[in-house]
Amino acid sequence: KTLTQVVDTFFAVFFASEVTLRVTILRCKFWRVWMNFIDVLVSLAAIIEVAFVYTVKLPVEPMLFRLLRVGKLIRAIRMVAMTSVLASLQLLVKCLV
């Protein structure tokens with residue numbers, strides 16, 4: 001295993017656990033926010049990607065999974081933008097976007 005596979009697996013499990021915890025706690029309220037659908041989609045895609053990496057050796061990495069990694073980045077930027085504690089970092093993220 002390479003370091004990137006280990007880190008990708010860690011974050012895939014971490015984000016999937018976080019989404020599962022939020023669904024469990026918020027129940028119906030979770031599905032009222034459209035960004036949560038993106039979180040579920042990205043988390044599922046990450047778990048599927050990790051499953052493919054460890055079970056099937058594909059000659060080429062599927063492009064869909066690479067595109068969904070952008071979704072992970074957007075999700076991370078969204079989390080930074082939502083925290084009011086990191087106001088200066090939030091300003092930097094707004095400038096980059």
Side-chain angles (χ1 to χ4, degrees):
K1 298 180 205 178
T2 65
L3 180 62
T4 55
Q5 287 176 333
V6 172
V7 171
D8 197 33
T9 303
F10 171 76
F11 281 109
V13 170
F14 179 77
F15 286 132
S17 301
E18 185 253 344
V19 169
T20 304
L21 183 65
R22 285 194 296 147
V23 168
T24 304
I25 292 173
L26 296 175
R27 299 181 192 241
C28 291
K29 292 178 185 177
F30 176 84
W31 302 107
R32 292 182 187 158
V33 179
W34 69 271
M35 287 295 282
N36 289 338
F37 287 99
I38 295 173
D39 291 346
V40 169
L41 179 68
V42 169
S43 295
L44 284 175
I47 294 296
I48 291 169
E49 179 185 6
V50 167
F52 272 125
V53 165
Y54 289 114
T55 59
V56 179
K57 294 297 180 191
L58 300 174
V60 201
E61 222 176 284
M63 185 57 90
L64 175 64
F65 292 132
R66 287 182 183 232
L67 291 175
L68 287 174
R69 287 182 185 177
V70 173
K72 290 181 188 178
L73 178 62
I74 292 171
R75 185 181 185 285
I77 291 173
R78 178 182 147 238
M79 295 304 287
V80 170
M82 292 178 80
T83 58
S84 60
V85 176
L86 303 172
S88 60
L89 186 56
Q90 184 178 7
L91 178 62
L92 178 65
V93 169
K94 285 182 181 180
C95 291
L96 291 174
V97 176

Rounded distance [0.5 Å steps], [atom1] in [X] versus [atom2] in [Y]:
{"X": "E18", "Y": "D39", "atom1": "CD", "atom2": "CG", "value": "6.5 Å"}
{"X": "N36", "Y": "S43", "atom1": "CG", "atom2": "OG", "value": "10.5 Å"}
{"X": "I47", "Y": "F15", "atom1": "CD1", "atom2": "CZ", "value": "11.5 Å"}

Among the clusters formed by ILVMFWY side chains lying less than 4.5 Å apart, do [X] and [Y] turn up in the same one?
{"X": "F14", "Y": "L3", "answer": "yes"}
{"X": "V13", "Y": "L21", "answer": "no"}
{"X": "V42", "Y": "V33", "answer": "yes"}

Non-neighbouring partners of V40 that pass side chain to side chain contact (heavy atoms under 4.5 Å, CB included), sequence neighbours left out =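 If we apply the side chain to side chain contact (heavy atoms under 4.5 Å, CB included) test to V40, skipping adjacent residues, the hits are V19, F30, W31, L44.
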Side chain proximity check, R32 to L26, heavy atoms < 4.5 angstrom |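 The answer is no; the side chains never approach within 4.5 Å.
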Which atom names give the shortest non-hydrogen contact between T20 and T24, and what distance separates them?
->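 Scanning both residues, the minimum pair turns out to be O-OG1, 2.8 Å.
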